[in-house]
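Accompanying notes for the structure given below.
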Protein chains: 2
Amino acid sequence: MVGIVEQHAPSAHSGQPLRASERAYWALREDIVEWRLPPGTVLGEVEQAARLGISRTPLREALGRLNAEGLTAPHAGRGVVVAAISLANVTELFELRTALECQSAALAAVRGEPAVFRQLQHEFLAAADALRGSAPDARAYYELVGRLDAAVDDAAGNTYLRQAMANLRVHLVRVRRLARDNPARLLASAAEHANIAGAIADGDGQVAAAATRIHLHQSLEHFKSTDPHHRPDLPAERTV
Amino acid sequence: MVGIVEQHAPSAHSGQPLRASERAYWALREDIVEWRLPPGTVLGEVEQAARLGISRTPLREALGRLNAEGLTAPHAGRGVVVAAISLANVTELFELRTALECQSAALAAVRGEPAVFRQLQHEFLAAADALRGSAPDARAYYELVGRLDAAVDDAAGNTYLRQAMANLRVHLVRVRRLARDNPARLLASAAEHANIAGAIADGDGQVAAAATRIHLHQSLEHFKSTDPHHRPDLPAERTV
DNA sequence: TGGGCCAGTTTTGTATACACAGAGTCGGCA
DNA sequence: TGCCGACTCTGTGTATACAAAACTGGCCCA
């Protein structure tokens with residue numbers, strides 16, 4: 001489960017005052033993603049509005065966006081509830097992710113600037129060396145992965161694809177909290193990413209897509225092997 | 001550009017009273033898709049609320065959903081404007097569509113009920129014969145295409161994939177108004193669809209994906225060949 | 001004559017008030 | 001004691017009023 005870098009609220013980067021509805025959206029989104037609001041939690045409008053210190057009107061807008069993204073689901077006559085997530089959901093998520101990221105990688109191979117991805121390839125190879133060291137810096141590695149994702153998004157140059165992946169990543173970030181990355185997996189992941197970057201730099205869309213598919217397959221297999229079913233914080237199989 | 005069947009408001013099927021925000025959403029959505037509200041139209045809140053006979057609050061909810069779907073874009077201090085759409089957008093749309101539908105077809109081949117798709121294959125072959133006749137019924141054909149789409153969605157059994165395709169189809173429906181289908185294209189399309197259905201019935205995901213890719217490629221090429229640039233109702237190249 | 005600034009106006013953002021619908025509960029009746 | 005009905009009460013859906021922000025137009029100054 002390497003490769004999903006959390007997005008933060010715009011306010012974190014630009015200090016300008018945010019609208020109340022935006023603040024509510026990001027606050028709730030983060031609370032859900034961080035599992036502070038576990039699946040099944042009912043989000044009453046008056047209750048949440050009071051908690052966030054805003055009125056119901058902007059809160060409703062925030063809830064509407066969360067519903068649209070699938071992070072919450074309207075529970076007839078009883079407000080909205082935080083959506084559940086299960087191993088079955090993760091599998092489905094990865095099926096969509098594979099489709100989107102393989103296409104992105106293939107397009108990036110055709111349209112991207114080779115130098116950019118060659119550079120990233122070298123960085124991943126260097127990162128793999130670093131991860132073999134005594135004090136592997138996982139955070140720096142995640143940052144690098146985020147840079148590759150952004151570069152691919154950018155090179156693919158497809159607004160709709162980008163937005164579809166943004167929608168998807170919200171859920172992946174949420175799942176990420178369930179995954180345990182170990183040094184061995186990080187090392188393998190670095191090599192896989194180096195392959196992806198290299199294929200894109202080569203302009204070989206077929207190989208880039210294949211490398212992406214391999215990476216995602218391995219990620220999912222690793223995730224499954226961490227046996228989420230035995231984890232108490234993972235809810236039972238429930239539909240979203 | 002064969003294969004996108006318009007979705008209708010829930011009220012059309014279930015006569016129960018709809019919330020004002022829902023009505024506003026569907027009304028605006030249809031107005032945009034049908035090009036009654038051309039790209040660039042500014043949708044003032046008070047103006048639209050008055051036009052639809054509702055208050056601003058539910059209207060804002062509707063506009064929020066339209067913005068999230070990309071049908072409109074917020075124009076600071078100037079309300080929301082109907083998003084423009086250009087040939088470049090159509091190409092991007094099809095890149096995303098290819099990724100999603102190929103994946104869907106491949107999954108359907110693995111998980112679907114073969115008999116369902118065998119039946120659809122035969123229906124498409126019969127439709128091809130009918131389209132060769134003197135009075136081709138395009139509407140019946142579109143309905144058949146819609147049935148295949150629904151069957152694939154259903155067989156793929158992936159919530160996220162389904163939702164991503166639903167989001168995409170909104171834009172495709174909108175583009176469809178620009179396309180001119182002719183009998184020859186419809187006939188070819190029927191054969192392509194028969195191939196897709198047959199491959200899924202065979203349980204061959206590879207072939208199903210390839211057949212889907214071919215169909216979408218031909219659709220896009222046909223669309224491009226209708227030369228939308230010469231059509232006056234198509235706006236100039238503008239970003240969405 | 002061109003650019004920047006200021007005020008008016010329009011439009012959005014937020015808060016509050018009200019109406020309605022559904023669920024849960026309490027009491028009465030069989 | 002169990003079941004049915006009405007009632008209450010919580011919570012959402014909608015409307016309206018107010019506040020803040022942004023655009024537009026004009027004016028002044030360089």
Side-chain angles (χ1 to χ4, degrees), chain A residues 9-11 13-29 31-32 37-83, chain B residues 9-11 14-29 31-32 37-84 238-239:
Chain A
S11 71
H13 305 292
S14 61
Q16 60 182 326
L18 220 48
R19 290 197 300 272
S21 59
E22 285 278 301
R23 274 181 314 174
Y25 167 75
W26 286 104
L28 284 171
R29 173 176 159 147
D31 284 345
I32 293 170
L37 291 173
T41 308
V42 293
L43 303 176
E45 293 187 0
V46 286
E47 166 202 359
Q48 293 299 318
R51 185 174 75 91
L52 298 170
I54 59 172
S55 175
R56 276 184 56 214
T57 310
L59 184 94
R60 281 177 66 86
E61 190 172 321
L63 289 180
R65 289 177 64 181
L66 293 171
N67 280 332
E69 285 175 348
L71 243 42
T72 58
H75 196 285
R78 205 64 175 177
V80 305
V81 300
V82 178
Chain B
S11 72
S14 61
Q16 61 182 327
L18 220 47
R19 289 196 300 271
S21 58
E22 284 279 301
R23 274 181 314 170
Y25 167 74
W26 286 103
L28 285 171
R29 173 177 161 147
D31 284 344
I32 293 171
L37 292 173
T41 308
V42 292
L43 302 176
E45 292 187 359
V46 287
E47 167 202 0
Q48 293 300 318
R51 184 173 76 91
L52 298 170
I54 59 172
S55 175
R56 276 183 58 214
T57 309
L59 185 93
R60 280 178 66 87
E61 191 172 321
L63 290 180
R65 288 176 65 181
L66 293 171
N67 281 331
E69 285 175 347
L71 243 41
T72 59
H75 198 284
R78 202 70 169 172
V80 305
V81 300
V82 178
R238 286 163 68 186
T239 50

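Each chain gets a letter, A, B and so on, in the order its sequence line appears, and its residues count up from 1.
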Handout entry: A/Asp31/A/Gln48 under side-chain contact (heavy atoms from CB on, under 4.5 Å): CA gap, chis, key distance, verdict
Key = CA-CA 12 Å; A/Asp31 284 345; A/Gln48 293 299 318; 5.9 Å; no
Exercise for the section: Show your working on side-chain contact (heavy atoms from CB on, under 4.5 Å) between A/Val80 and A/Leu66 and close with a plain yes or no. Expected result: CA-CA 9 Å; A/Val80 305; A/Leu66 293 171; over 6 Å; no
Practice task
Quick one: do B/Arg51 and B/Leu59 satisfy side-chain contact (heavy atoms from CB on, under 4.5 Å)? Show the steps, please.
Solution key: CA-CA 11 Å; B/Arg51 184 173 76 91; B/Leu59 185 93; over 6 Å; no
Practice task
Give the C-alpha distance, both sets of side-chain angles, the deciding distance and a yes or no for side-chain contact (heavy atoms from CB on, under 4.5 Å) between A/Leu63 and A/Glu45.
Solution key: CA-CA 9 Å; A/Leu63 289 180; A/Glu45 293 187 0; 4.1 Å; yes
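The side chain of B/Ser21 contributes no N or O atom lying less than 4.0 Å from OP1 or OP2 of D/dG13.
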Under 3.5 Å, which protein N or O atoms sit close to an N or O of nucleotides 20-23 of chain D? Give each pair with its distance.
none

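Atom-to-atom, CZ of B/Arg23 to P of D/dA15 comes out at 8 Å; the value is rounded to the nearest Å. Computed from coordinates, the A/Arg19 CZ to C/dA15 P distance equals 13 Å when rounded to whole Å. A straight line from CD of B/Glu45 to P of D/dT16 spans 15 Å, rounded to a whole angstrom. Spacing between atom CG of A/Asn67 and atom P of D/dT12 amounts to 12 Å, rounded to whole angstrom units. Rounded to whole Å, the distance from NE2 on A/His75 to P on C/dG22 is 15 Å.
For the atom pair A/Leu43 CG and A/Glu47 CD, the distance stands at 7.0 Å (nearest 0.5 Å). Once rounded to the nearest 0.5 Å, the distance linking CD1 of A/Ile32 with OG1 of A/Thr41 reads 8.5 Å.
Under the 4.0 Å criterion applied to side-chain N and carboxylate O atoms, B/Arg29 and B/Glu22 are not assigned as salt-bridge partners.
The side-chain hydrogen bond (donor to acceptor under 3.5 Å, both in side chains) search around A/Thr72 returns A/Asn67, not counting sequence neighbours.
Residues of residues 46-61 of chain B that place a heavy atom closer than 4.0 Å to DNA chain D, in numerical order, are B/Ile54, B/Ser55, B/Arg56, B/Thr57, B/Pro58.
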